[in-house]
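In what follows, every chain begins at residue 1, and chains take the letters A, B, ... in the order their sequences are listed. Since we're looking at a predicted model, the values are computed, not measured.
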2 protein chains.
Amino acid sequence: MEKFKLNKKTDTPLYIQLYENFKTLIEEDQLENEKLPSIRNLANSLGVNNVTVVSAYKLLEKEGYVYSIKGSGTYIRKLPVDTISYLEEGDMDLMVSGILPISNNSINFASMSPTPDLFPIEEFKRVLIEVLDRDAGLAFLYPEITGYDPLRGSISKFLKEHYNTVVNKEQILITSGGQQGLDIISKTLINPGDCIFVENPTYSGALGTFKSRGAKIIGIPINENGIDIIALKSYIKKYRPKFLYIMTNYQSPTTYSYDFRSKEELLLLSKEYGFYIIEDDFLTDLTFSENKKMPLKSIDRFDQVIFIKSFSKIFMPGVRIGFITLPNKLFKEIIKAKHTTDISSSGYLQRAFDLYLRQGYWKNHIEKIKAVYSKKYKLMTEGLDRLSEYGVSYIKPDGGLSIWLKLPKNIDSINIYNECAENGLAIVPGKVFFVDDSIYSNYIRLSFGQISNEEIIEGLRILENIISKPFRDKESNYLPFI
Amino acid sequence: MEKFKLNKKTDTPLYIQLYENFKTLIEEDQLENEKLPSIRNLANSLGVNNVTVVSAYKLLEKEGYVYSIKGSGTYIRKLPVDTISYLEEGDMDLMVSGILPISNNSINFASMSPTPDLFPIEEFKRVLIEVLDRDAGLAFLYPEITGYDPLRGSISKFLKEHYNTVVNKEQILITSGGQQGLDIISKTLINPGDCIFVENPTYSGALGTFKSRGAKIIGIPINENGIDIIALKSYIKKYRPKFLYIMTNYQSPTTYSYDFRSKEELLLLSKEYGFYIIEDDFLTDLTFSENKKMPLKSIDRFDQVIFIKSFSKIFMPGVRIGFITLPNKLFKEIIKAKHTTDISSSGYLQRAFDLYLRQGYWKNHIEKIKAVYSKKYKLMTEGLDRLSEYGVSYIKPDGGLSIWLKLPKNIDSINIYNECAENGLAIVPGKVFFVDDSIYSNYIRLSFGQISNEEIIEGLRILENIISKPFRDKESNYLPFI
């Protein structure tokens with residue numbers, strides 16, 4: 001412990017000095033062991049009172065640098081504080097991008113992104129080459145700011161066919177993926193200090209974008225049938241939000257879908273109180289039951305809903321093409337925001353995607369990925385049902401790419417995340433999706449976008465091993481999760 | 001004039017009522033004639049005093065709805081007020097996109113964007129197909145947030161080879177075009193109310209992005225050798241800017257390039273006063289003389305310069321790939337901003353552009369477009385030199401895609417813009433590039449990105465016809481531009 005510099009002559013309490021020392025060492029990744037020295041040993045070697053060390057460790061824990069396991073000791077959080085706050089403003093795909101450490105050998109229950117074997121490469125290659133032959137240089141001019149006009153037409157048709165939603169092509173703006181839709185809408189609607197509502201928990205990538213515009217963000221609880229309308233009403237009266245951001249089908253992370261009544265009530269409220277609803281849709285297409293889901297936009301007779309579509313999870317994320325619908329009142333403002341953002345999205349890829357839709361490839365593609373994912377969903381749910389004896393539960397979404405697993409109340413999802421990581425399983429701790437840090441979260445998200453059927457079985461085995469531990473150890477009075 | 005509703009019984013002065021009436025009619029495009037009724041006629045038909053009409057017209061002129069030509073009358077601005085303010089926040093390419101009305105039959109001296117015949121389609125098609133064969137689905141995964149790693153390497157090499165600039169690949173972030181670089185930097189550095197400096201005049205698309213973050217924008221005069229260092233110093237002491245936004249080579253719209261001394265002084269100032277320099281580079285490659293120009297970044301030993309590269313004007317705008325360099329101190333923040341903006345730029349196009357650079361196509365391409373544009377430049381300058389007798393002048397940039405033409409002091413560039421438009425010539429009025437509206441601007445920008453050699457000759461003939469008019473009409477005492 002020659003690394004510590006404590007000065008007994010200054011005004012700074014020793015425990016604060018010790019805390020600062022540890023903080024720096026942890027931040028700079030200079031400690032060899034994940035386990036901190038025992039309280040007695042450290043107190044002895046530094047010549048200080050035990051209480052000094054206990055106080056320092058408590059402060060470290062409060063600030064999120066370490067966690068303690070009763071009867072075992074104090075450990076550095078594998079998920080560094082910096083990464084946690086990053087994640088809250090980021091996206092789970094950061095994990096895949098290596099910002100949240102996922103060992104390459106881990107089984108990836110963290111990502112919703114599809115794997116390349118599900119990409120319709122042959123068909124897309126065909127349209128890419130066809131565009132080159134047909135349009136040559138025209139494909140590489142600045143496209144119109146609003147997007148390649150024929151693609152806007154194809155999208156309008158797509159909305160009608162698949163979502164029973166009528167939107168003129170003039171009201172469609174092509175974006176560089178769904179995330180850009182969020183960014184552009186934020187630029188249009190959020191001034192610093194403006195109040196906006198989100199479902200709580202929600203997509204962390206959206207929170208990052210809203211925060212970057214200085215929004216005051218209020219989380220409204222979401223339950224099995226949609227946002228909590230009663231809570232929403234009381235918050236509306238208090239805060240008068242600019243907009244409400246929601247995901248109506250297979251919400252992330254909860255996987256909940258809105259029923260018709262919730263949608264209708266929401267729409268009427270938005271009309272009455274004059275706020276927009278931003279409906280972010282990325283999974284509506286992936287229904288495994290006969291009950292086809294529709295977006296809120298399909299019943300929007302007031303032009304109050306801005307519909308954002310991302311194709312990243314159901315097509316190919318690297319194409320970076322999505323769209324938003326434009327309310328008449330905001331048309332000009334949104335176009336302006338798109339222009340200051342990146343002028344326009346790649347015309348070449350827009351033309352290719354247009355051809356892809358026109359030549360009718362979409363339906364086959366969706367049927368194919370539905371078949372693959374519903375198999376994975378079945379494996380996942382069958383496995384998880386067997387874990388109910390350990391006090392875990394979840395609502396069956398019957399679609400989408402994730403399960404939102406509720407753990408027994410006394411379990412912190414960050415601890416489970418760490419234990420899973422140690423055992424080669426990557427999951428997402430529910431905590432990162434909540435707006436309010438102080439909300440205790442005993443949920444984890446398990447996604448099956450990236451994993452093989454074999455990995456599902458093996459991953460669930462690892463998970464079972466971890467969550468069953470308190471039960472196995474009951475006789476020895478071992479209480480690991482506190 | 002049955003369209004006007006004046007109410008003599010209210011408190012609102014009649015001239016304000018008349019102003020409001022006209023304003024609405026102009027905004028709704030309901031007036032058939034561009035010329036407003038003569039003062040006497042309108043006063044008679046409305047039964048009001050001449051002064052009422054004069055006051056209303058003056059207010060309309062002050063607000064930008066009309067302009068008057070002495071001895072001729074008052075005219076509605078062809079460039080609607082809405083469009084002007086749009087343009088100030090937009091980009092000249094809006095013209096091409098049809099937002100600023102350019103007749104399709106016009107000769108386009110307004111755009112710097114290249115035409116498809118200059119695109120290296122064959123070579124790019126080859127690499128696009130090669131990537132599909134080589135990478136298949138991998139090309140359509142989410143790419144790394146920072147960009148496709150091999151492309152970052154190619155860019156690092158590119159910077160060394162072409163701009164004598166050393167930047168490690170780890171310090172390179174691939175963006176969806178240069179405009180996105182501006183947006184991401186704004187998100188990272190600008191909080192509402194922060195002060196930033198720009199050259200005055202400057203690129204209107206940058207102003208739009210900075211304004212959208214709530215920046216307080218101060219324009220610093222730019223002269224032939226670069227930004228006015230003396231003015232800059234005094235402003236720095238007063239305002240302490242977050243950053244200074246500049247274009248060192250062939251600045252837009254002035255076409256001026258910084259000399260070495262200006263660059264060195266600027267760098268030292270940025271170090272001394274701790275502000276970043278955002279160097280936006282879009283034309284450095286297009287030098288028509290033997291004197292190769294280098295960016296400021298090439299001498300940046302303090303890590304104070306963020307270099308933004310756009311390939312839109314020198315390659316193909318529709319590829320939407322550019323990059324920025326990341327100062328160590330801002331690395332994390334900028335990556336985070338990129339993520340909330342659009343997660344990542346298209347991996348497929350990044351891979352193709354990487355191959356394009358690796359296979360050595362770049363040099364030939366640049367030589368080819370240089371040859372084409374230097375010919376156009378020669379035609380343009382030879383033609384303009386002949387117009388010096390009418391009091392116009394300009395600094396020869398010896399590169400780039402525009403001429404910044406100074407008109408005699410008493411000529412308003414908006415009037416010239418309108419006259420040119422009427423005669424089938426699209427130019428850009430200098431006014432739209434200035435930060436401060438009140439600055440009177442007798443400059444126009446003439447670009448030769450989009451026009452054939454024949455159109456240059458014809459366009460200059462039209463321009464000569466317009467600017468020589470005061471001289472031809474001298475004997476009849478006609479003073480058209482006041």
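Heavy atoms only, all atoms of each residue included: Asp183(B) and Thr340(A) are closest at CB-O, 3.9 Å.
Legend: residues meeting side-chain contact (heavy atoms from CB on, under 4.5 Å) with Thr175(B), ordered by chain and number and at least two apart, are Leu173(B), Gln180(B), Ile184(B), Ile324(B). Residues satisfying the ring-ring contact (aromatic ring centres under 6.0 Å, His included) criterion with Phe315(A), sequence neighbours excluded, are Phe124(A), Phe353(A), Tyr356(A), Trp362(A), His365(A). Scored by the side-chain contact (heavy atoms from CB on, under 4.5 Å) test, Asn364(A) finds no partners at all (sequence neighbours excluded).
Sparse packing is recorded around NZ of Lys329(B), with 12 or fewer heavy atoms of other residues, nucleotides or ligands lying under 6.0 Å away.
Counting heavy atoms from C-beta on, the side chains of Ser176(A) and Ser176(B) never come closer than 4.5 Å. Between Leu349(B) and Ser346(A), the closest side-chain pair of non-hydrogen atoms falls below 4.5 Å.
Here Ser344(A) is the residue among Ser344(A), Pro114(A), Gly214(A) with the most heavy-atom pairs under 4.5 Å with chain B. Highest contact tally toward chain A, considering only Asn191(B), Ile321(B), Thr146(B), Leu128(B), is held by Leu128(B) [criterion: heavy-atom pairs under 4.5 Å].
Using non-hydrogen atoms only and a strict 4.5 Å limit, the part of residues 130-140 of chain A facing chain B consists of Leu132(A), Asp133(A), Ala136(A), Gly137(A), Leu138(A), Phe140(A).
Rounded to the nearest 0.5 angstrom, Lys187(B) NZ and Arg213(A) CZ are separated by 8.5 Å. To the nearest 0.5 Å, atoms OG1 (Thr341(A)) and CG (Leu182(B)) are separated by 11.0 Å. Leu141(B) contributes atom CG, which lies 11.0 Å from atom OG of Ser312(A) (distance to the nearest 0.5 angstrom).
Looking at Pro120(A), neither its backbone nor its side chain comes within 4.5 Å of chain B, counting heavy atoms on both sides.
Side chain of Arg320(A) to backbone of Gly347(B): no donor-acceptor contact under 3.5 angstrom is found.
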